[in-house]
Every structure is written in structure tokens, then in C-alpha cells.
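Have a look at the structure below before the remarks.
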Number of protein chains: 2
Amino acid sequence: MAKAGNHREITVADVAREAGVSKAQAARALGAYGAVSDAVRERVLAAASRLSYRPNQLAKTLNTGRSHSIGVVVGDIENPYFSLATRGISDAVERSGFTVVLTNTSERVMAERAAVNMLMDKRVDGLIVAPASTGDSPHLRAVVDAGRPLVLLDRTVPGLAVDAARADIEPAAREAADHLLDLGHRRIGYITTADGSDVRPDGPHPLPSPVAARVAGLVAGFTERGLTWDPDLLRPCRHDEAAIRKAVLDLVHSPSPATALIASDSLIGQVVVGALQEQGLRIPDDVSVLMYDDQPWARLVTPPITVVAQPTYDIGYAAGARLAALIGGATNPPPLQPLPATLIRRGSIAPVADGPPARHERTPAT
Amino acid sequence: MAKAGNHREITVADVAREAGVSKAQAARALGAYGAVSDAVRERVLAAASRLSYRPNQLAKTLNTGRSHSIGVVVGDIENPYFSLATRGISDAVERSGFTVVLTNTSERVMAERAAVNMLMDKRVDGLIVAPASTGDSPHLRAVVDAGRPLVLLDRTVPGLAVDAARADIEPAAREAADHLLDLGHRRIGYITTADGSDVRPDGPHPLPSPVAARVAGLVAGFTERGLTWDPDLLRPCRHDEAAIRKAVLDLVHSPSPATALIASDSLIGQVVVGALQEQGLRIPDDVSVLMYDDQPWARLVTPPITVVAQPTYDIGYAAGARLAALIGGATNPPPLQPLPATLIRRGSIAPVADGPPARHERTPAT
DNA sequence: TTGAAAGCGCTAACAG
DNA sequence: CTGTTAGCGCTTTCAA
């Protein structure tokens with residue numbers, strides 16, 4: 001198939017001819033490098049604009065080895081966490097002149113592998129990835145082995161010596177646990193999502209590092225008081241509204257029902273709150289709710305939701321800045337500091353009620 | 001600066017040598033084109049995997065002219081509308097083997113221009129852009145003139161003969177207007193955001209096409225009844241929470257206050273609902289609210305928000321599918337059909353109250 | 001089927 | 001300062 005249209009692209013050679021100089025001089029003037037007399041530069045630039053010349057970045061990249069672009073691989077760009085972090089990344093790297101190539105993997109490890117390979121093949125200067133899997137990650141190892149700068153986002157990969165930009169979740173998780181325990185909650189459900197390939201029917205679920213930190217904080221709260229958290233209350237579901245909804249119902253309608261629910265991110269939180277409302281269960285009278293990641297809507301619902309907030313934009317920014325530094329040749333930068341997460345108490349957590357929760361009609365619009 | 005690490009990249013030449021064949025034959029085997037004997041193919045492939053060869057897509061692109069990537073330029077990836085549409089685009093083009101290069105312009109025309117140029121220079125095979133400006137768009141015209149496939153998203157550009165994937169907003173806007181008018185509303189505020197460079201202090205604001213359609217529907221409703229909509233109630237603000245909040249206060253506290261507010265997208269809607277709550281104004285008793293773009297949280301707040309929903313994912317998918325077809329060589333495809341938008345009545349619109357709205361304390365958590 | 005050689009558009013020595 | 005000459009890694013004639 002012929003190239004669409006028959007617009008032959010204008011090249012340096014064309015500009016050089018038009019300006020009456022050698023190709024090399026034209027290239028130098030255009031690229032603003034090397035030594036060029038004012039007279040020549042002027043003529044070349046004039047010729048270039050006359051022909052509306054546009055340099056072919058591909059050719060440039062091919063022999064400089066720098067594409068001035070970085071790859072970003074996230075699980076789900078629709079998750080506000082990632083879209084905000086992505087903006088932080090963009091803002092950080094754009095000021096160093098990089099373009100961001102963004103790919104979405106729908107939290108599937110296979111898609112992540114493909115995306116990383118493709119970005120490597122396109123010769124991006126560096127990569128930021130939020131790994132979907134906790135397991136072995138040969139594709140990430142390959143990036144490191146190829147000497148290409150890599151920064152992880154949000155999650156770490158055990159055994160991979162790569163810096164990660166993330167929040168220091170555990171203290172806030174612990175504080176949240178204490179908050180719930182102080183109010184008498186003992187049956188606390190934890191709902192998270194996981195890639196199918198990671199969730200094995202038998203044996204323990206390998207949780208992504210930030211989820212593990214959240215759960216660790218919770219468990220620590222129990223342990224500290226000589227209590228134990230029933231691990232059966234941990235519910236990893238598919239990334240799927242129905243699965244999350246089912247987990248909620250399971251948890252609140254079990255013979256020994258959960259009196260509080262923790263949503264591992266705001267997408268999950270949305271479904272949890274919705275499911276509870278549909279069931280006619282009141283927050284926090286019947287069920288208390290804690291959500292990870294603050295979102296504007298969390299303050300808008302009634303009652304406003306208590307959350308653990310992360311400095312998401314800053315995390316992204318830190319990842320971008322670090323990657324830019326690495327690409328710029330920084331050798332042994334100090335490890336990235338985890339950024340603080342904070343518990344924001346609003347209205348969705350209350351003392352545990354005695355006895356089983358009563359069923360109510362859905363609260364009418366006020 | 002030396003390339004990070006001293007990993008010389010493996011090239012076809014290396015593979016050829018390892019396999020004991022010519023560079024050309026190796027390339028043919030690797031690229032699965034031309035004629036290659038089974039014996040050679042086998043040896044080449046074996047050699048390739050032994051050396052863990054990865055083809056350099058850049059070099060390939062440089063002489064085929066196809067990058068197998070498309071550029072997507074949106075105003076704000078944090079706007080759920082765009083992040084959903086983007087997923088639609090990705091899903092559509094990925095099945096044709098394209099990678100998406102996503103760029104965010106923060107709704108700034110200058111940034112859009114830069115992004116489009118950069119993508120052209122990177123030789124993407126085609127472009128999808130949601131133009132930030134209604135005005136003259138030489139950078140978009142340049143894309144067309146270069147013969148590179150282009151599809152617009154959400155908004156059209158007058159005078160540019162390019163197909164746009166979008167919703168057919170006006171009928172739903174009209175239905176919403178009738179809904180409000182039937183309930184007695186006459187002072188209806190319309191809050192939208194606009195790029196600073198488009199908002200001139202004097203003269204009419206050139207509205208982006210989808211906003212114009214929304215307003216047109218509103219105006220039509222008034223006109224039909226022999227009424228006129230006071231254009232002073234149109235408030236274009238910067239993309240800035242404070243500006244939106246100010247517009248809300250202005251509107252509801254004016255001597256002749258608005259009895260209903262229309263938010264032009266869900267990001268604006270969030271701020272509107274929040275501002276109203278802070279003012280102790282009840283929805284819909286004191287102020288009715290209509291929001292464009294349905295979002296999960298709209299059903300979660302009390303009362304649930306009445307919205308005009310668009311098939312955003314499908315719009316993105318249509319844009320992606322069309323672009324892929326164009327790149328594939330489709331010559332005169334039928335124009336894209338606008339997809340239907342629908343009014344979803346929930347609880348945020350009520351009959352207009354008599355007299356000025358009373359002030360109430362913020363509704364306590366139920 | 002194969003291989004040699006000529007590009008794709010640009011940068012980067014290397015001599016003048 | 002300027003021009004000539006090689007490449008970057010791959011595809012693609014063109015002969016053999």
C-alpha cells in the first residue's frame with residue numbers, strides 16, 4: 001500500500017539544496033549543534049520554514065539512541081489513583097523534555113509483559129511501571145539487564161533491586177485499625193482486587209506490596225491487643241463490579257457478619273458504598289466503612305467516607321523526577337523515600353452496634 | 001554520555017552471523033516476509049532466541065513508514081470522560097496492532113499544538129484529538145495536509161473536514177431543559193470550563209461544539225415556550241476548582257438567583273455539589289442540579305444526581321475503529337454517526353420553590 | 001532461494 | 001566554519 005497521499009516528506013537534504021549548502025551544514029543549523037556561520041544558519045532556517053520542514057525524530061533517535069520518550073505502564077488508567085499519578089509523572093518528565101507513552105494493562109500480567117517489551121522495542125529512554133504481579137517478573141528483569149532505567153510505581157517487586165515511588169501506607173493502616181478496634185470492631189472485612197493469575201484457589205494469596213502493607217497494619221492492630229484477625233475476612237476479587245458486590249454481600253450476610261468493611265481503593269469503595277445502600281444497610285450505623293485513596297466524592301456522600309489518603313500526584317512526580325535523573329546519568333541516587341499517607345476521619349466509622357444489623361429501607365432522598 | 005551500561009544491542013547482523021547466513025536472509029526469516037527455506041528459517045530463529053534478539057522497531061519504522069502507533073491528544077486525562085474514551089480507543093486499535101501514545105494538554109491550546117507536532121515528528125500512523133479550541137487550528141490542518149489520518153473526539157472544528165466521534169447531545173439537552181422548565185425553573189445557571197485563550201473578556205465566548213450543543217438544547221427549550229434564557233447565566237470558568245466554586249456562589253447568591261444549576265461535566269459537577277453542600281443549600285429543595293456525564297458517585301450521593309449520560313466508551317471505540325480503518329487505507333468511509341445521549345432522572349431536580357431559598361445548616365450525617 | 005548493495009533521514013567523525 | 005563520508009538497524013531492490 002502506498003503511503004497515504006503522495007506527500008514526499010521534506011528532509012534535510014531538501015532544505016540543504018534549497019539553501020544551497022551541504023547536508024551536514026543544514027543538519028547542524030537545524031539541530032543547533034556544531035559550528036555554523038550566522039549567514040548559513042539564516043539561509044537554512046529560512047529554507048526550512050519555506051518548505052515547512054519537520055525533522056524526523058525517528059531517524060534522530062536511530063543514531064543518537066535517545067528517543068526523549070519514556071514508557072509508563074499502569075494497570076488501570078481509569079483508576080483515579082493512576083490517572084493522578086500519571087499526571088504527576090508527566091509534569092515531572094515533560095520539564096526535562098520527555099514525552100510519555102502510556103499503556104494500560106487492565107491489570108493483566110500478560111498485557112504488562114507485552115507492553116514492556118513493546119516499549120523496549122520502541123527504544124524508550126526509560127520505564128515507569130506499576131507491576132501487576134508480585135511474582136517473578138522476567139520482563140522487568142530484562143529491562144534492568146538491558147541497562148534501561150526503570151522506576152516502579154506504587155508497588156515493589158521482591159528480588160528486583162529497583163527503586164519504587166510509593167506511600168508509606170502501614171502507619172496509616174495501623175492507625176485506621178486502631179480506630180476501628182477502639183470502637184469495638186472485631187469482624188473487619190478487607191476487599192481488594194487481584195489479577196486472576198495471582199489468585200490461587202488454594203494456599204495464601206500473594207498480595208501486591210501496598211495491599212500487603214495495608215493488611216499488615218490491620219493485623220498489627222489486632223495482634224497488639226492480643227487478638228487475631230480472621231484471615232477469612234480477606235476477600236481478593238476479580239476487577240469486576242459483580243465480584244466486589246458479591247464479596248460485600250458475603251461479608252455482611254455471613255453468620256458471623258463483618259461490622260466494618262475496608263475497601264482497598266476508591267474504585268472498590270464506590271462499589272462497596274453502592275452495594276451497602278442497595279441492601280438498605282446504613283453507614284455507619286449498620287456497617288462502618290474505610291476506604292483507601294481520597295476522592296472528591298468521598299466528601300460528597302452521606303455520611304462522608306473516612307479514608308486513608310495518599311499524596312498520589314507527588315508519588316507520580318517523584319517517580320518521574322527520579323526516572324529523568326536516571327536517564328540523565330545519575331549513578332547512585334539515594335533511595336526514594338516513601339511519602340506519608342494519612343487517615344482522614346469523616347463520618348463512615350462508628351462504634352459497633354450490638355446484635356445483628358437491622359434491615360432498613362433504602363434511605364430516601366432528603 | 002555513553003549509553004547506560006555497555007550492552008551492545010543485538011542486531012540482525014549478529015543473528016545472521018550466528019546463523020551463518022546473510023543479513024538479508026536473517027531479516028527475511030525474522031520479519032516473516034520474502035522467501036526463506038525452512039532450514040534457514042529454523043537456524044535463524046534458533047540463533048535469534050539464543051542471542052535473545054529484539055528487533056528495533058525504530059529502524060523498521062524508518063523505512064517502512066509505519067510505526068504501528070497512534071497519537072491520542074486529550075485535554076485532561078483525569079476527566080473520567082476522557083479516561084473512559086481512551087480505554088475505548090485503546091481497545092479498538094490494539095486489536096489492529098497499534099500502540100497508543102497518550103498526551104495530556106491540560107486543555108491548553110499551546111500544549112495541544114506542541115503535542116500534535118511532536119506526534120507527527122514521531123511519525124505516528126494517525127491521530128485522535130479532542131481539540132481544546134474552537135478557533136483556527138493550523139496544527140490540525142497541517143495533519144490533514146500531510147495526509148495523515150485524523151479523527152476528532154468529542155468536539156468538532158468548524159471549517160475542518162474531519163470526522164468526529166461524539167454523542168448527539170442536543171436532544172437530551174433539550175429534554176433536560178423541558179424537564180426543568182416544566183418544574184417552573186426559569187433562572188438556570190450553566191457552568192462550564194474553557195481554555196483561557198478562548199475566553200475573551202468582551203464579546204461572546206466561542207463554546208466548544210459539545211458545550212454549544214448543550215446550551216443550544218437549553219435555549220431551544222426556552223424559545224419554544226416564548227421565553228428567553230438569560231445568557232448572563234452562562235458561566236465559563238478556568239479549569240480550576242476555585243473558579244467553579246465562585247461561579248456557583250455568584251449564581252445562587254445573585255439578587256435574582258438561579259434556581260437550578262447545570263454542570264457541563266462530572267468534574268464540574270463534583271465541585272458544584274460540594275459548594276452547595278458547604279453553603280448549606282439543599283439539593284433539590286433549594287437548588288436543582290443537572291450534571292453532564294454519568295459517574296458511579298452520582299448514584300451514591302443524597303439525593304442521587306440527575307444526569308445526561310453519554311456512551312463514552314463507545315465513542316472512544318468508534319474513534320479508534322475509524323482511525324484504524326483510515327490507516328488501513330479505507331478511502332471514503334461513511335461519516336461517523338453521533339451516538340445517543342440520554343437523560344437519567346434521579347433525585348436532584350425538583351419543582352422550583354417560591355421565594356428566595358432559605359439557608360440551612362449542612363445536612364448532618366444520617 | 002540466496003546474497004550484495006542501496007537506501008530510510010539523520011548525526012557524527014574526519015578532513016579541509 | 002564547511003563539506004565529505006560513514007554509519008544507526010532495518011527493508012528492499014536486483015542479480016545471481
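Nothing here was measured: the structure is a model prediction, and the numbers come from that model. A note on names: the letters A, B, ... follow the listed sequences, proteins ahead of strands, and every chain is numbered from 1.
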**Prompt:** In Å, rounded to the nearest 0.5 Å, how long is the span from CD1 of Ile128(B) to OG1 of Thr86(B)?
**Reply:** 9.0 Å
**Prompt:** Is the backbone N or O of Asn56(A) less than 3.5 Å from a side-chain atom of Asp121(B), with the two atoms forming a donor-acceptor pair by type?
**Reply:** no
**Asked** Are any side-chain N or O atoms of Ser137(A) and backbone N or O atoms of Leu140(A), one a donor and one an acceptor, separated by less than 3.5 Å?
**Response** no
**Message:** Of the listed nucleotides (dT12(D), dA6(D), dC10(D)), which one gets closest to any side-chain atom of Lys23(A)?
**Reply:** dA6(D)
Polar-atom pairs under 3.5 Å, protein N or O versus N or O of nucleotides 14-16 of chain D: list them with distances, or write none.
none

**Message:** Less than 4.0 angstrom between a side-chain N/O of Ser37(B) and OP1 or OP2 of dT2(C), yes or no?
**Reply:** yes
**Message:** With side-chain contact (heavy atoms from CB on, under 4.5 Å) as the test, pick out the partner of Val129(B) among Val73(B), Val162(B), Leu119(B).
**Reply:** Val73(B)
**Prompt:** Rounding to a whole Å, what distance do you find between Arg43(B):CZ and dT2(C):P?
**Reply:** 8 Å
**Item:** Test: Arg123(B) and Glu9(A) ion pair at under 4.0 Å
**Value:** yes
**Item:** Residue whose closest nucleotide on DNA chain C lies nearer the 5' end, Ala59(B) versus Ala35(B)
**Value:** Ala35(B)
**Message:** Expressed as a whole number of angstroms, how long is the span from Leu62(B):CG to dT11(D):C1'?
**Reply:** 10 Å
**Message:** I'd like to know if Asn63(A) reaches the base of dC10(C) with its side chain, counting only an N/O donor and acceptor under 3.5 Å.
**Reply:** yes
**Pairing of Arg155(B) and Glu112(B) as salt bridge, 4.0 angstrom limit** = no
**Complete:** In whole angstroms, the gap separating P of dC10(D) from NE2 of His68(B) amounts to 15 Å
**Asked** Which of these nucleotides, dA12(C), dC10(D), dG3(D), is closest to any side-chain atom of Val12(B)?
**Response** dC10(D)
**Request:** Could you tell me whether the side chains of Asp91(A) and Tyr313(A) share a donor-acceptor contact shorter than 3.5 Å?
**Result:** yes
**Request:** Give a yes/no on whether any side-chain N or O of Ser22(A) is located under 4.0 angstrom from OP1 or OP2 of dG3(D).
**Result:** yes
**Message:** Surrounding CZ of Arg95(B) (heavy atoms of other residues, nucleotides or ligands, distance under 6.0 Å), is the total greater than 12?
**Reply:** no
**Prompt:** Has the side chain of Thr103(A) got a donor or acceptor atom that lies under 3.5 Å from a matching backbone atom of Val72(A)?
**Reply:** yes
**Prompt:** Can any side-chain N or O of Ser49(A) pair as donor or acceptor with the backbone N or O of Ser52(A) at less than 3.5 Å?
**Reply:** no
**Message:** Going by side chain to side chain donor-acceptor pair (under 3.5 Å), name the residues that satisfy it together with Arg108(B), two or more places apart in sequence or in a different chain.
**Reply:** none
**Item:** Gln25(B) side chain, from C-beta outward: closest of dT2(C), dG9(C), dT2(D)
**Value:** dT2(C)
**Prompt:** Counting side-chain heavy atoms from CB outward, which of dC10(D), dT11(D), dT2(C) is closest to Pro55(B)?
**Reply:** dC10(D)
**Bending between helix ends of the helix from dT1(C)-dA16(D) to dG16(C)-dC1(D) [5 pairs per end, 10° resolution]** = 40°
**Message:** Quick check for you: among dT2(C), dC10(D), dC10(C), whose closest atom lies nearest to any side-chain atom of Tyr53(A)?
**Reply:** dC10(C)
**Proximal nucleotide (of dT11(C), dG9(C), dT11(D)) relative to the Tyr33(A) side chain** = dT11(C)
**Request:** Using whole Å, report how far CZ of Arg66(B) lies from P of dC8(C).
**Result:** 18 Å
**Asked** Whole Å only: how far is the CG atom of Leu58(A) from the P atom of dG9(C)?
**Response** 11 Å
**Prompt:** Expressed in angstrom and rounded to an integer, what is the separation of Asp14(A) atom CG from dG9(C) atom C1'?
**Reply:** 10 Å
**Prompt:** When the distance from NZ of Lys122(A) to C1' of dG9(D) is rounded to whole Å, what number comes out?
**Reply:** 16 Å
**Request:** Identify, between Gly31(B) and Ala24(A), the residue whose nearest nucleotide on DNA chain D lies closer to the 5' end.
**Result:** Ala24(A)
**Asked** Among dT2(C), dC10(C), dG3(D), which is the nearest nucleotide to the side chain of Lys60(A)?
**Response** dC10(C)
**Fill in**
Whole-Å distance, Asp121(B) CG to dG9(C) P, equals 14 Å
**Listed nucleotide nearest any side-chain atom of Thr11(B), set dG3(C), dG9(C), dC10(D)** = dC10(D)
